[in-house]
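Notes for the one structure printed next.
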Amino acid sequence: MKTSACIDALYGEIPFLERFQAAKDDGFDAVEFWGWPEKDLNAVKEAAEKAGIPICGFNGDADLSLIDPEQTEAYMEYLEKSVETAKFLGAPCVTIHSNGLGDGGIVINAYENLSDTVKTCTMFRNLEKCAALAEKSGIQMNLEGLNITTDHVGNYLKYTSDAAEMIRLIGSPKLKVLYDVYHMQINEGCICDTIKNFGDTFGHVHIADAPGRHEPGTGEIYFPRVYRALEEIGYQGYVGYELFPQTTTAEAVKAIMTLV
């Protein structure tokens with residue numbers, strides 16, 4: 001399995017453009033980050049190329065929502081811009097979510113006025129459009145569920161099974177699940193069973209320990225067994241370390257690299 005460093009969370013001690021080289025020096029195979037509009041994309045591309053490290057993905061949907069029937073057109077227009085950005089940066093994937101996210105990942109609108117039926121059906125129809133765009137562009141879409149108690153209160157997509165079953169129904173090779181171990185430990189637990197049952201739909205995996213969202217070994221998750229479960233299903237994608245160091249990035253990287 002290939003490793004990726006989320007450089008919006010790791011390497012906070014140094015300027016953003018220096019984090020590409022730092023991740024390369026620490027032995028990561030790729031980098032990823034969150035939003036793209038606020039970044040100098042030419043500088044980002046240059047920093048990645050200079051360091052000799054690829055960008056494997058970033059968020060593709062910002063503050064727009066898959067579950068809002070009134071935002072479909074705007075959502076797809078923004079996603080098309082994200083796809084063009086991915087092509088420019090050489091990134092193979094973008095991440096998508098059920099709800100729009102604001103600063104700090106805050107859910108902008110929980111849509112309590114909409115029924116679960118409307119939310120689910122709207123998301124399914126929009127995911128079909130995402131799949132068509134992904135297949136046309138060659139840029140994979142990874143659908144991520146988020147925890148609803150600690151970081152993203154009000155987020156609609158909270159269970160792996162819901163994401164995976166939609167992906168299976170749509171049946172596109174370019175539409176996958178982003179399985180975040182931290183978020184799903186909080187929401188549902190049963191990490192290894194989930195990997196066994198739904199791992200065929202995974203396009204990307206995120207790692208952080210829970211509670212705390214720090215490096216492996218700081219919380220309750222037994223990561224050697226998690227990695228073994230991923231190996232047993234033949235997972236070949238990136239494992240991205242989207243975590244906040246408990247002390248320093250250097251110490252977090254030590255903990256990460258003892259497991260990979």
Side-chain angles (χ1 to χ4, degrees), residues 32 34-37 56-89 91-101 107-146 148 152 154-180 183-184 187-188 194-195 197-206 233 235-238:
E32 58 188 89
W34 293 327
W36 60 265
C56 67
F58 51 83
N59 288 345
D61 50 11
D63 58 353
L64 295 164
S65 173
L66 280 171
I67 63 174
D68 184 347
E70 296 183 0
Q71 287 192 349
T72 293
E73 184 176 352
Y75 187 97
M76 295 308 301
E77 287 177 357
Y78 186 89
L79 189 58
E80 287 178 3
K81 294 177 183 177
S82 295
V83 163
E84 291 306 310
T85 300
K87 289 180 179 179
F88 175 73
L89 296 176
C93 305
V94 297
T95 304
I96 56 178
H97 305 88
S98 63
N99 295 64
L101 304 175
V107 172
I108 295 171
N109 190 340
Y111 295 100
E112 294 179 357
N113 59 311
L114 299 179
S115 69
D116 285 357
T117 299
V118 170
K119 293 174 185 177
T120 299
C121 290
T122 301
M123 182 160 63
F124 186 84
R125 287 198 300 265
N126 286 336
L127 285 173
E128 289 181 313
K129 296 179 187 294
C130 292
L133 175 59
E135 291 180 19
K136 179 181 177 181
S137 66
I139 301 299
Q140 183 170 294
M141 312 286 172
N142 294 321
L143 176 65
E144 182 179 26
L146 305 172
I148 59 169
H152 308 286
N155 194 69
Y156 185 61
L157 183 62
K158 53 186 177 288
Y159 298 125
T160 307
S161 59
D162 291 338
E165 288 168 0
M166 283 193 185
I167 270 52
R168 285 174 176 167
L169 284 170
I170 293 169
S172 170
K174 286 294 185 180
L175 183 64
K176 298 289 186 179
V177 171
L178 193 162
Y179 179 69
D180 189 303
H183 289 310
M184 293 304 110
N187 281 356
E188 62 190 16
T194 298
I195 292 170
N197 293 332
F198 302 108
D200 62 293
T201 68
F202 293 179
H204 196 83
V205 172
H206 274 166
I233 66 162
Y235 178 71
Q236 297 294 316
Y238 281 102

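A quick note: this is a predicted structure, and the numbers were derived from the prediction, not measured.
A heavy-atom distance below 4.5 Å is not found between the side chains of Lys174 and Cys130. Residues Asn187 and Met184 form a side-chain contact, since some pair of their non-hydrogen atoms from C-beta on lies under 4.5 Å apart. Side-chain contact between Leu89 and Phe58 is present, with at least one heavy-atom pair separated by less than 4.5 Å. The shortest distance between side-chain heavy atoms of Glu80 and Ser137 does not fall below 4.5 Å. The side-chain heavy atoms of Val83 and Met141, taken from C-beta on, include a pair separated by under 4.5 Å. Looking at Ile96 and Ser82, their side chains never come closer than 4.5 Å, going by heavy atoms from C-beta outward.
The two residues Ser98 and Met123 have their closest heavy-atom pair at CB-SD, 3.8 Å. Considering every non-hydrogen atom in both Leu114 and Lys119, the closest pair reads O-CE, 3.3 Å. Between Gln71 and Ser65 the shortest heavy-atom distance is OE1-N, 2.8 Å. The two atoms that bring Glu188 and Lys158 nearest to each other are OE1-O, 4.3 Å, heavy atoms only. When all heavy atoms are compared, the tightest approach of Asn99 to Ala110 is ND2-CA, 4.0 Å. The shortest non-hydrogen separation linking Cys56 to Tyr238 is CB-CE1, 3.6 Å.
Listed for the Asp68 side chain is a donor-acceptor partner under 3.5 Å among the backbone atoms of Glu70.
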- Message: With side-chain contact (heavy atoms from CB on, under 4.5 Å) as the criterion, how do Thr85 and Val94 come out once you've worked through the C-alpha distance, each side chain's angles and the decisive distance to 0.1 Å?
- Response: CA-CA 10 Å; Thr85 300; Val94 297; over 6 Å; no
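One finds a salt bridge joining Glu84 and Lys87 here, because a Lys/Arg side-chain nitrogen approaches an Asp/Glu carboxylate oxygen to under 4.0 Å.
Among residue pairs with one or both ends in residues 61-84, those qualifying as ring-ring contact (aromatic ring centres under 6.0 Å, His included) are Trp36-Tyr78; sequence neighbours excluded.
Ring centroids of His152 and His183 are separated by less than 6.0 Å, placing the two rings close together.
Atom CH2 of residue Trp34 and atom CG of residue Leu101 lie 11.0 Å apart, to the nearest 0.5 angstrom. Taking CD1 from Ile195 and CG from Asp200, the interatomic distance works out to 12.5 Å, rounded to the nearest 0.5 Å. Here CG of Leu127 is found 4.5 Å from CD1 of Ile170. Values are rounded to the nearest 0.5 Å. Between atom CD of residue Glu144 and atom OG1 of residue Thr95 there is a gap of 6.0 Å, rounded to the nearest 0.5 Å. For the atom pair Phe124 CZ and Ile167 CD1, the distance stands at 9.0 Å (nearest 0.5 Å). Taken to the nearest 0.5 Å, the OG1 atom of Thr72 stands 3.5 Å off from the CG atom of Asn126.
For Phe198, there are no ring-ring contact (aromatic ring centres under 6.0 Å, His included) partners, not counting sequence neighbours.
Checked by atom type, the side-chain pair His204/Glu32 shows a donor-acceptor distance below 3.5 Å. Looking only at atom types and distance, the side chain of Tyr156 has a donor-acceptor partner in the side chain of Thr120 under 3.5 Å away. A side-chain donor from one of Asn142 and Gln140 sits under 3.5 Å from a side-chain acceptor of the other.
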